[in-house]
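First the structure, in the form of structure tokens, and then the observations on it.
Below, all heavy atoms of this structure are taken into account, side chains as well, without hydrogens, waters or symmetry copies. Chain naming here is simple, since letters A, B, ... match the order of the sequence lines and numbering starts at 1 in each. This is a predicted model, so every value here is computed, not measured.
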2 protein chains.
Amino acid sequence: MSHSPLYLELRTRLLALIRTGELPAGSRLPAERLLAERFETTRVTLRQALGQLESEGCIYRSNRRGWFVSPARLVYEPVRDYSFTRYVTAQGRVPRTEVLGFEEMQAEERVATSLSLPVGAPVYRLKRRRYLDNRLVLVETIWLNARFLPGLEKYRFDQSLWQVFGEVYDIELVHKQITITPTALIGEEVAALEVTSGCPGLHITRISKTAAGETIEYDEEYWLHDVLTIALSTSSYG
Amino acid sequence: MSHSPLYLELRTRLLALIRTGELPAGSRLPAERLLAERFETTRVTLRQALGQLESEGCIYRSNRRGWFVSPARLVYEPVRDYSFTRYVTAQGRVPRTEVLGFEEMQAEERVATSLSLPVGAPVYRLKRRRYLDNRLVLVETIWLNARFLPGLEKYRFDQSLWQVFGEVYDIELVHKQITITPTALIGEEVAALEVTSGCPGLHITRISKTAAGETIEYDEEYWLHDVLTIALSTSSYG
DNA sequence: CCAGTTTATTGGTATAGACCAGAAATCTAA
DNA sequence: TTAGATTTCTGGTCTATACCAATAAACTGG
């Protein structure tokens with residue numbers, strides 16, 4: 001029986017502090033140097049334990065401000081949920097949306113393919129960041145087929161897009177193709193989410209179509225990995 | 001403009017070796033000490049770069065044997081796919097299943113709840129490991145409502161369970177409730193998957209029912225995170 | 001030729017210390 | 001009182017080194 005490595009012991013002791021409520025959800029952990037001293041180890045080893053808990057989704061870091069205890073995960077049902085604001089509110093949490101940019105442009109290849117358009121076709125691009133209980137958890141880029149949404153720039157984008165589709169354009173999106181890939185956040189997304197490079201994340205893409213099969217929306221989302229649990233409930237008859 | 005940290009530069013250089021085909025999918029990376037020397041840095045910093053690529057799912061490690069380039073991700077469609085063997089084969093990959101144990105037992109609380117049974121009801125428990133192109137990628141525990149599957153112990157478990165359900169018991173599972181949670185692998189799962197603790201993973205649970213609403217199966221799967229992309233294609237009218 | 005033992009190699013864990021850069025708190029002068 | 005400068009605190013990055021444990025390769029005796 002080989003004994004457990006020190007950093008896993010530290011992980012267990014830290015987790016105990018969280019489970020007992022000594023460090024409640026959302027609270028800040030003591031400084032790394034303090035913890036290292038208290039546990040009689042070095043910062044390097046302590047950080048290994050912290051990284052472990054981060055990977056598990058128990059704690060997260062806010063850029064140079066410290067480590068925090070992760071709150072309960074949000075349940076996301078991609079098949080059913082279409083409004084971030086709505087399903088966040090329904091779970092007793094507080095959503096917030098920040099618009100980073102909106103512009104009309106020409107579809108590049110990847111976007112064109114996803115929207116079933118020729119390269120260079122007119123599309124809108126909307127970039128947003130979303131907060132959960134004031135924590136930045138998601139950055140998304142949405143490309144829209146401009147042909148179906150004339151004058152879209154007149155509307156507000158800090159609320160549900162799908163609501164605008166329905167109320168203004170009488171468009172209902174009933175078909176979705178979704179992919180979910182666990183990965184690490186790098187580059188642009190790191191900057192937008194204000195996290196450290198390599199932070200574990202989820203890459204979710206969504207293509208949405210009308211009942212007639214017209215592709216309206218292509219969405220790319222990058223989530224912090226500890227925020228979500230994905231739930232699906234399906235029936236298949238074949 | 002602040003310059004990029006060294007470990008991210010190393011990450012980029014390593015990634016270049018992979019992208020150019022100098023290190024093809026499945027191949028082993030040079031030893032850490034060699035790479036550290038070649039890049040004129042220390043093992044500590046080099047390992048930071050390797051950890052980065054591991055989080056992204058570009059490379060993986062095999063216990064004390066070295067680092068390897070991750071092959072392309074497997075596409076898993078939980079709504080449609082029911083046989084690991086089948087969807088792996090369909091994607092031109094080679095599946096393998098290893099049975100770790102099968103026994104009849106009494107349902108503990110979590111299992112009982114999931115199977116809509118009283119605590120202590122008779123259930124079967126099946127533990128399996130699954131390989132993708134000879135790489136161990138998944139460990140699963142399946143609990144089954146014994147009442148619907150008398151004499152199940154007589155059958156082979158290294159193939160599709162659902163096939164047995166259909167052919168022997170005339171049971172077709174059409175309703176599924178699935179949850180997907182990105183996390184890190186620890187404890188039991190680490191041992192079963194022969195990885196290092198804290199290795200990023202996916203926790204997938206599935207509850208399957210017949211058309212009549214009888215809950216037959218409760219499944220808990222732990223996947224290595226770099227193996228999968230999850231795909232969903234849904235239509236909702238309402 | 002083979003099975004068992006030894007050795008070398010590899011990643012895994014851990015220490016000790018240094019400096020940097022961003023964020024927050026404090027201080028200071030208008 | 002407040003806007004701006006300064007200091008302090010925090011995590012982020014990096015070096016250099018050491019030893020451990022599992023694996024794989026080499027060796028050795030039957």
Side-chain angles (χ1 to χ4, degrees), chain A residues 1-14 27-55 59-69 134-136 184-186 190-200, chain B residues 1-14 27-55 59-69 135-136 184-186 190-191 193-200:
Chain A
M1 192 65 184
S2 69
H3 72 286
S4 177
L6 177 57
Y7 77 92
L8 287 181
E9 302 284 0
L10 299 179
R11 169 200 167 273
T12 305
R13 292 171 66 182
L14 285 167
S27 68
R28 220 202 89 190
L29 273 65
E32 291 180 359
R33 287 171 177 81
L34 281 178
L35 285 172
E37 191 178 4
R38 186 196 299 184
F39 292 148
E40 294 179 307
T41 182
T42 60
R43 258 184 84 205
V44 180
T45 303
L46 177 82
R47 277 170 66 83
Q48 223 180 329
L50 292 171
Q52 180 89 18
L53 288 167
E54 182 190 35
S55 298
I59 62 178
Y60 66 94
R61 45 183 132 181
S62 179
N63 191 22
R64 286 172 207 273
R65 293 200 309 117
W67 294 86
F68 297 81
V69 178
N134 270 322
R135 177 185 172 202
L136 182 51
L185 303 172
I186 54 162
V190 164
L193 283 172
E194 297 170 1
V195 294
T196 50
S197 188
C199 178
Chain B
M1 194 65 183
S2 67
H3 72 289
S4 177
L6 178 57
Y7 77 92
L8 286 181
E9 303 284 0
L10 299 179
R11 167 200 168 272
T12 305
R13 293 171 66 180
L14 284 167
S27 67
R28 220 202 88 189
L29 273 65
E32 290 180 0
R33 287 170 177 83
L34 280 178
L35 285 173
E37 192 178 3
R38 186 197 300 184
F39 291 148
E40 293 179 308
T41 182
T42 59
R43 260 184 81 206
V44 180
T45 303
L46 176 81
R47 278 171 66 82
Q48 222 180 331
L50 292 171
Q52 181 89 17
L53 288 167
E54 182 191 35
S55 298
I59 62 176
Y60 67 93
R61 46 183 130 181
S62 177
N63 192 20
R64 286 173 205 275
R65 295 200 307 116
W67 294 87
F68 297 81
V69 178
R135 176 184 172 203
L136 182 52
L185 304 171
I186 53 162
V190 164
L193 284 172
E194 295 171 1
V195 295
T196 50
S197 188
C199 179

Arg64(A): which residues meet the side chain to side chain contact (heavy atoms under 4.5 Å, CB included) condition with it, sequence neighbours left out? none
A side-chain contact here means heavy atoms from C-beta on lying under 4.5 Å apart; do Val44(A) and Arg47(A) qualify? no
Measure from CD on Glu9(A) to P on dT13(C) and round the result to the nearest Å. 13 Å
note: Leu6(A), atom CG; dC19(D), atom C1'; distance rounded to Å ~ 15 Å
Nearest-Å distance for atom pair CG/P, residues Leu10(A) and dT13(C): 12 Å
Leu14(B) vs Leu35(B) side-chain heavy atoms within contact, under 4.5 Å: yes
From Glu54(A) CD over to Trp67(A) CH2, what is the distance, rounded to the nearest 0.5 angstrom? 4.5 Å
Could you tell me whether the phosphate oxygens of dG17(C), OP1 or OP2, come under 4.0 Å of any side-chain nitrogen or oxygen in Thr42(A)? no
Test of understanding: with side chain to side chain contact (heavy atoms under 4.5 Å, CB included), list the residues that count as partners of Ser27(B), not counting sequence neighbours. Leu23(B), Pro24(B), Val69(B)
Starting at CG of Leu8(A) and ending at P of dG12(C), how long is that distance when rounded to a whole Å? 13 Å
Look for any protein N or O under 3.5 Å of an N or O in nucleotides 9-12 of chain D and output each such pair with its distance, or none.
| from | atom 1 | to | atom 2 | distance (Å) |
| --- | --- | --- | --- | --- |
| dG11(D) | OP1 | Glu32(A) | N | 3.3 |
| dG11(D) | OP2 | Glu32(A) | N | 2.8 |
| dG11(D) | N7 | Arg33(A) | NH1 | 2.8 |
| dG11(D) | O6 | Arg33(A) | NH2 | 3.0 |
| dG11(D) | N2 | Arg64(A) | NH1 | 2.6 |
| dG12(D) | OP1 | Arg61(A) | NH1 | 3.4 |
| dG12(D) | OP2 | Arg47(A) | NH1 | 2.8 |
| dG12(D) | OP2 | Arg47(A) | NH2 | 3.4 |
| dG12(D) | OP2 | Arg61(A) | NH1 | 3.2 |
| dG12(D) | O4' | Arg64(A) | NH1 | 3.4 |
| dG12(D) | N7 | Arg43(A) | NH2 | 2.8 |
| dG12(D) | O6 | Arg43(A) | NH1 | 3.1 |

Can a side chain N or O of Thr45(A) be found less than 4.0 Å away from OP1 or OP2 on dT15(C)? yes
Tell me: CZ of Phe39(B) to P of dC14(D), nearest whole Å? 14 Å
Positive for side chain to side chain contact (heavy atoms under 4.5 Å, CB included) with Phe39(A), one of Leu34(A), Leu10(A), Thr45(A): Leu10(A)
At how many degrees, to 10°, do the end axes of the helix from dC1(C)-dG30(D) to dA30(C)-dT1(D) meet when each uses five pairs? 0°
Can you list everything that forms a side chain to side chain contact (heavy atoms under 4.5 Å, CB included) with Arg28(A)? Sequence neighbours excluded, please. Ala31(A), Phe68(A)
Whole angstroms only, please: what is the CD-P distance between Glu194(B) and dG11(C)? 18 Å
Pairing residues for Ser197(B) by the side-chain hydrogen bond (donor to acceptor under 3.5 Å, both in side chains) criterion, not counting sequence neighbours: Gln52(A)
Side chains of Ile186(A) and Arg11(B): closer than 4.5 Å at any heavy-atom pair? yes
